[in-house]
Every structure is written in C-alpha cells, then in structure tokens.
2 protein chains.
Amino acid sequence: MGSLLDTFTTELRRGTLTLAVLSQLRTPQYGYSLVQQLENAGVIIEQSTLYPLLRRLEKQELVSSSWDTNESRPRKFYVLSDYGIEVYKQLMDEWKKMTLELKSLLQGDENIESD
Amino acid sequence: MGSLLDTFTTELRRGTLTLAVLSQLRTPQYGYSLVQQLENAGVIIEQSTLYPLLRRLEKQELVSSSWDTNESRPRKFYVLSDYGIEVYKQLMDEWKKMTLELKSLLQGDENIESD
DNA sequence: CATAATAGTGTACGACATACAGTATAAATG
DNA sequence: CATTTATACTGTATGTCGTACACTATTATG
C-alpha cells in the first residue's frame with residue numbers, strides 16, 4: 001500500500017470493520033462465509049484481516065465460537081455473546097453519533113468535484 | 001482509557017479526525033481555533049491530538065502553514081494545499097461509500113435498544 | 001495431477017489517536 | 001500585584017488494529 005489515500009482508507013476501516021463483523025454475528029456464522037456475506041454487502045475483507053479480528057473479539061469475550069465437524073470440512077462458528085450484544089449496541093450508537101457530526105461538517109463540501 | 005468501548009471509539013476516530021480537520025481548512029485556521037470550531041460542531045479533539053495531526057498533514061503536504069506574528073500572540077495558520085484538496089475530496093468519497101455500506105449492514109439492527 | 005477454492009492458525013509491521021511532558025506568554029482573577 | 005487560567009505551540013512514547021505474510025490442510029475443479 002503505497003498511496004496516501006490507501007493509508008487513510010485503512011484508518012477509516014479501523015473500528016468500522018469491527019462494527020460490520022459484529023453486525024453479522026447476531027446469528028452464528030463461520031469465518032469463510034462472513035468474508036462472502038460482507039463482500040456481498042460491499043465490505044471487502046480479506047481472510048487475513050478477518051481471522052485475527054475474530055480472534056481478538058473472542059479474546060475480548062464479545063463473541064464465542066464452537067466447532068462444527070459434521071460437514072466435509074470442519075468449520076468454526078462464531079456468535080455474539082450477551083456482553084457482545086451490549087457492546088455492539090453501544091458501538092453502533094457511537095458510530096451513528098460520529099457519522100452525523102462528520103456529515104454536518106462535510107455538508108457544505110459535498111458539491112466539490114472528485115475525480 | 002480502560003473501557004473496551006473507549007478503545008473502539010478511538011479506533012472509529014482514526015481517519016475521521018483527519019477528515020474533520022481537513023474539512024475546516026478550506027480557509028486558513030490556526031490550531032487553537034480549530035479545537036474550538038470542531039468542538040462547536042460536536043467533534044471533541046484535544047490539543048495533544050490536533051497538533052501532531054497538523055504536523056503529519058503538513059509533512060504529507062496536504063496542508064501548508066505560515067506564522068502570523070502581528071497579533072499579541074503568534075499563531076500558526078494552516079490551509080489546504082492544492083494536493084490536499086484533491087486528497088480531501090477522495091477521502092470524503094471514500095468515507096461516504098463506507099458509511100452507506102455500514103449503514104445498510106446495521107439497518108436491521110437499528111431497533112436494538114441501547115442504554 | 002495441478003490449481004483454485006475452502007477454511008483455518010500464527011506473527012510482525014506500519015500508522016495514528018492519545019497521553020504526557022514541556023515551553024511560553026497574555027489575559028483573567030482574587 | 002501574585003496566582004491561575006487561557007491561549008498557543010513543540011516533541012516523544014505507547015497501545016491498538018488492519019494488513020501482509022507464512023503456514024497448514026483438504027476438497028473441488030479443469
């Protein structure tokens with residue numbers, strides 16, 4: 001990643017990827033399917049980004065995981081814990097608040113052309 | 001900062017503070033007044049966060065600065081460079097895109113109560 | 001069979017918000 | 001007037017996470 005815009009984009013993704021992943025774990029999902037679901041929703045996330053994030057979320061006790069070895073391939077399913085649901089709600093509120101603030105700051109600049 | 005939510009909030013601010021600051025530098029501003037303007041817009045930013053950020057933005061040639069020593073206190077004014085305007089536009093587009101994606105992901109979860 | 005897809009673990013690095021320390025002086029306050 | 005607060009800035013270290021990379025393993029596909 002050499003571009004300055006790429007660096008800034010990575011910074012924007014910090015925090016928001018957490019929110020995106022938590023939002024998909026109201027119901028149990030396994031890692032690889034999360035990548036696909038999020039991609040279908042326009043949120044591109046590599047496995048190399050997702051698995052460490054899931055690992056951290058589990059360590060933070062926001063999600064719990066369990067193995068399903070009944071299929072031809074073993075899959076690790078993740079789901080929000082009760083605590084995770086609480087934090088998810090609060091984080092969503094925080095994100096909305098910040099988004100409204102930034103939106104009003106940028107409002108006058110929306111007519112700026114961008115290439 | 002001990003709370004997990006505080007940590008996540010800091011992560012959400014990464015990138016967005018850059019956008020907020022760039023948005024205020026269409027016209028020349030000095031550091032201390034930026035803190036106040038942003039605070040008036042609901043974006044709380046400490047001097048200890050703002051000055052290093054202005055330093056980085058100048059290093060990245062997105063803004064330029066000049067001293068005004070005519071007042072009773074010397075003030076360093078910052079303003080977007082031409083390059084900074086370009087990057088600002090692109091970053092704004094990137095932010096809008098990400099915000100719409102996340103908004104649609106969280107849509108079904110908006111009725112979740114939050115304390 | 002070789003490659004791609006599926007599914008996962010582990011580790012190191014770069015970037016930035018933040019805290020902290022520091023300097024300096026004008027303005028406000030008691 | 002002495003003290004405190006406000007104004008205005010510089011410099012540095014730390015914690016956090018997205019990212020890249022290396023690796024393992026097996027099923028599906030051409």
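First the proteins, then the strands, lettered A, B, ... as listed; each starts at 1.
- Residue A:Tyr30 places at least one side-chain N or O under 4.0 Å from the OP1 or OP2 atom of C:dA7.
- Checking side-chain atoms of B:Ser81 against main-chain N and O of B:Glu61 turns up a donor-acceptor pair under 3.5 Å.
- For residues 41-58 of chain A, every residue pair satisfying the side chain to side chain donor-acceptor pair (under 3.5 Å) rule, not counting sequence neighbours, is listed here: A:Glu58-A:Ser65.
- Using a distance-only test at 3.5 Å, with no hydrogens or angles considered, no donor-acceptor pair links the side chain of A:Thr69 to the main chain of A:Pro74.
- Annotation: salt bridge (charged side-chain N to carboxylate O under 4.0 Å, His left out) contacts of A:Arg14 (sequence neighbours excluded): B:Glu11.
- Counting to the nearest Å, the P atom of C:dA7 and the CD atom of A:Gln29 are 12 Å from each other.
- B:Leu19 places its CG atom 12 Å from the P atom of C:dA17, with the value rounded to the nearest Å.
- Within a 6.0 Å sphere centred on CG of A:Asn40, heavy atoms belonging to other residues, nucleotides or ligands number more than 12.
- A:Leu12 places its CG atom 11 Å from the P atom of D:dT19, with the value rounded to the nearest Å.
- Nucleotide C:dA21 holds its P atom 15 Å from the CD atom of B:Glu46, rounded to whole Å.
- If you check residues 52-69 of chain B against DNA chain C, the residues with a heavy atom closer than 4.0 Å are B:Leu53, B:Arg56, B:Gln60, listed by number.
- Here D:dT26 presents its C1' atom at 18 Å from NZ of A:Lys76, a figure rounded to the nearest Å.
- Close to D:dG18, at under 4.0 Å from its OP1 or OP2, lies no side-chain N or O of A:Arg14.
- Counting any heavy atom pair closer than 4.0 Å across all strands shown, A:Ile45 reaches no nucleic acid atom.
- We find that CD of A:Glu71 is positioned 13 Å from C1' of C:dA7, with the value rounded to whole Å.
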Show the distances under 3.5 angstrom between N or O atoms of the protein and N or O atoms of nucleotides 21-25 of chain D.
none

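- Within the structure, salt bridge (Lys or Arg N to Asp or Glu O under 4.0 Å) contacts touching residues 94-107 of chain B (residues at least two apart or in different chains) are B:Lys97-B:Glu101.
- Atom CZ of A:Arg75 and atom P of C:dT9 are 14 Å apart (whole Å).
- When rounded to the nearest whole Å, the span between OH of B:Tyr32 and P of C:dT23 equals 20 Å.
- Residue pairs meeting the ring pair (Phe, Tyr, Trp, His ring centres under 6.0 Å) criterion with at least one member in residues 6-26 of chain B, sequence neighbours excluded, do not occur.
- Contact check, B:Thr18 against C:dA17: a side-chain N or O comes under 4.0 Å of OP1 or OP2.
- From B:Trp95, atom CH2 reaches atom CG of A:Leu106 across 5.5 Å, with rounding to the nearest 0.5 Å.
- The shortest distance between the side-chain N/O atoms of A:Arg13 and the OP1/OP2 oxygens of D:dC17 is not below 4.0 Å.
- Within the structure, every side-chain polar atom (N or O) of B:Tyr51 is placed at least 4.0 Å from both OP1 and OP2 of D:dT10.
- Within 4.0 Å (heavy atoms only), A:Phe8 reaches sugar-phosphate atoms of the nucleic acid but no base atom.
- Side-chain atoms of B:Ser33 never come within 3.5 Å of backbone atoms of B:Gln29 as a donor-acceptor pair (strictly under, hydrogens ignored).
- If you take CG on A:Leu50 and CG on A:Leu17, they are separated by 9.0 Å, rounding to the nearest 0.5 Å.
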